[in-house]
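Computed from a predicted model, the values in this text were never measured in an experiment. All ligand and atom numbering here is 1-based and tracks the order in the structure. Every heavy atom of this structure was used, including side-chain atoms; hydrogens, water molecules and symmetry mates were not.
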Amino acid sequence: MCGIIGYVGSREAMPLVLAGLERLEYRGYDSAGVATLEPNKKPEVHQAVGKVKDLVSHLNGRKLRGALGLGHTRWATHGRSTVANAHPHTDCLGRVALAHNGIVENFMELKEGLLAKGHAFTSETDSEVIAHVIEEEMAEDEDFEAAFSRMALRIRGANVVAAICEGDTDRILVLRLGNAGGIAVARKNGETMLASDLGALVSFSNEVTFLEDGEIVSVRSGAARFKDLKGATVVKEPHRMPRDWVSVGKGGYRHFMLKEIMEQPRTVAGVMQGRVNLHDGRVTLKRFPLTEPEVRELNRVVLVGSGTSYHAALLGRNLMDRFLRLPVDAESSSEFRYREPALDERSLMVSVGQSGETADTLSAMEWAKRQGARLVTICNVEGSQAARMAEGWLSMRAGPEIGVASTKTFLASMSLLALLSIQMSQASGSLPEGTRREILAQLIRLPDLLNGMLADHTPYKKLARRLYRYDHILYLGRGMNHPVALEGALKLKELSYIHAEGYAAGEMKHGPIALIDHKMPTVALAPRSGLYDKMMNSIKEVKARDGMVVALGAEGDDELASQADHVLYVPDVPELLTPFLTVVPLQLLAYYVAVERGCDVDQPRNLAKSVTVE
Ligand code: G6P
């Protein structure tokens, strides 16, 4: 979602804030802004529509003065992407400037009250209301911190607010309410920085402290004082910055996404390292908190996630259905959280998420927790809210993922779900040792198989040149490859803005078949194992209606090649491994189609890396 950065210290703030904003840009990029503060002056605020580079060109070499600064990259919720709606927002007097992430749920009510009292608004955002609430509170009592704290009790919803005020050149106040994304604070030698994520702080310090729900931090040069909403001091220990974040670059690739796709063999190897024992067919995920008797007691498993992580959860259900004798559900977090299904202390929720900050997933987790269910998260970011909320954090160990569209964390999630299913089967006895050994022996082949597949991109580039002009593409898969069909379609629409639908091939006859003609190609996932014959039938049905078929199948499958218009190959492997492999050509295809169309691969329009609002 939106990214917030702040600096207070002895140096000029502006260059540090702009550099931090660039690192936060993947969180939101429809507009950006900065505010700096000098003694005896009001905050100087500049905003621009577009990316951080557009803000830099708007500044046109101008150097804003002040050793205190605030920056924001926006992902619009309330109000279109315009200069007026870009942050930082100010009050009527221009004394307070603030950056906001979240949604003020009672903003209409607050705004009406403020309008009636004569406040003038310059934007359509809910964020600006907060500045006016602070202004109103300051009219009662000049003290910025006291006014800010009273504002915290008046706004509702999940929100992060960072504010500065005229006359207070050594203070940034930051509030966090609910699951509106994290804020990390780092201090060193008389300087302090705060940021929505660690990537913006790496070059500054290797120790960070996190702001929690219901807390306010008063940030000064080299100091940070945390308190709760009642004003009581909260004492916190800093965390060491995870090493992964220390060097984040494109490593010679044109895009982060391509780099992250290429990292997948290493990612999968990293997931398995030290967790798999081939001799006794056992998996040890040390942070899985349930004892073996507790696993045997479980009555239900629920997997939740959003976007790509939801697709991983769907595959997880498939694996658990096969490996465990337990009812297993997988649901998108945004649906689950409002259904509020019955869970109890014998239920296990496994949340899946790259960021560990997705608001809907956190709410689903909160529901599970309130029901007394056991709670485990599969997540990539140490110190994220999901990692802190769950009893057990199973680390993806994938390293920072910067491309907005998830790739390597999909494979990491699926690999972890496979390991988790096996570990749980050890407790329940649902898989014999020999079968577990065989499955693990298959899984550890994945890094090599993936490496082989990633060596030559020519087939994907060629196919992308044929597909990039189409407006609609259908993706079909069955069984283990159904979640992959959904993921392939999601990648294509996210990156290239081509309308793509992922569908269970068996359902095609119940609707999508009506769409098929020469203008709508179908990508059919037909590896040789699993429901191969059924997929062949679907392919023939598409062909019979003049549809172009791009088949994804096993190397050496001549029968498939004779039926399809184009074929992409994956190694011929047992069914269990297929989803780990078939997703890769779909990622590359989406990538190269987007490149052909001149799209912004790493930061597709309207998307954000972590969706910290509902
Ligand atoms: C956004 C991103 C997706 C991601 C989803 C879930 O929509 O653009 O790439 O899959 O959020 O994020 P999470 O961090 O929970 O996996």
Quick one: list whatever passes side-chain hydrogen bond (donor to acceptor under 3.5 Å, both in side chains) with Asn451, sequence neighbours left out.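 With sequence neighbours excluded, Asn451 shows a side-chain hydrogen bond (donor to acceptor under 3.5 Å, both in side chains) to no residue whatsoever.
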Quick one: which of Leu419, Val283, Val276 gives a side-chain contact (heavy atoms from CB on, under 4.5 Å) with Leu443?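 Only match with Leu443 under side-chain contact (heavy atoms from CB on, under 4.5 Å): Leu419.
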Per side-chain contact (heavy atoms from CB on, under 4.5 Å), Met424 is matched among Leu285, Leu290, Leu348, Val350 by Leu348
For residues 378-413, which residue pairs qualify under ring-ring contact (aromatic ring centres under 6.0 Å, His included), counting only residues two or more places apart or in two chains?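 The answer is none; no pair qualifies.
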I need the full list of ring-ring contact (aromatic ring centres under 6.0 Å, His included) pairs touching residues 591-610, with sequence neighbours left out, sorted by first then second residue.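 The answer is His255-Tyr591, His457-Tyr592.
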Does the structure place the NZ or CZ of Arg388 under 6.0 Å from the centre of the six-membered ring of Phe210, at an angle of no more than 45° from the ring's axis? yes
Please tabulate protein-ligand N/O pairs under 3.5 Å for ligand 1, atom names and distances to 0.1 Å.
from     : atom 1 : to     : atom 2 : distance (Å)
ligand 1 : 8 (O)  : Ala608 : O      : 3.0
ligand 1 : 9 (O)  : Val404 : O      : 3.0
ligand 1 : 9 (O)  : Ser406 : N      : 3.4
ligand 1 : 9 (O)  : Ser406 : OG     : 3.3
ligand 1 : 10 (O) : Thr308 : N      : 3.1
ligand 1 : 12 (O) : Thr358 : OG1    : 3.3
ligand 1 : 14 (O) : Gln354 : N      : 3.3
ligand 1 : 14 (O) : Ser355 : N      : 2.7
ligand 1 : 14 (O) : Ser355 : OG     : 2.6
ligand 1 : 15 (O) : Thr358 : OG1    : 2.5
ligand 1 : 16 (O) : Ser309 : OG     : 2.6
ligand 1 : 16 (O) : Gln354 : N      : 2.7

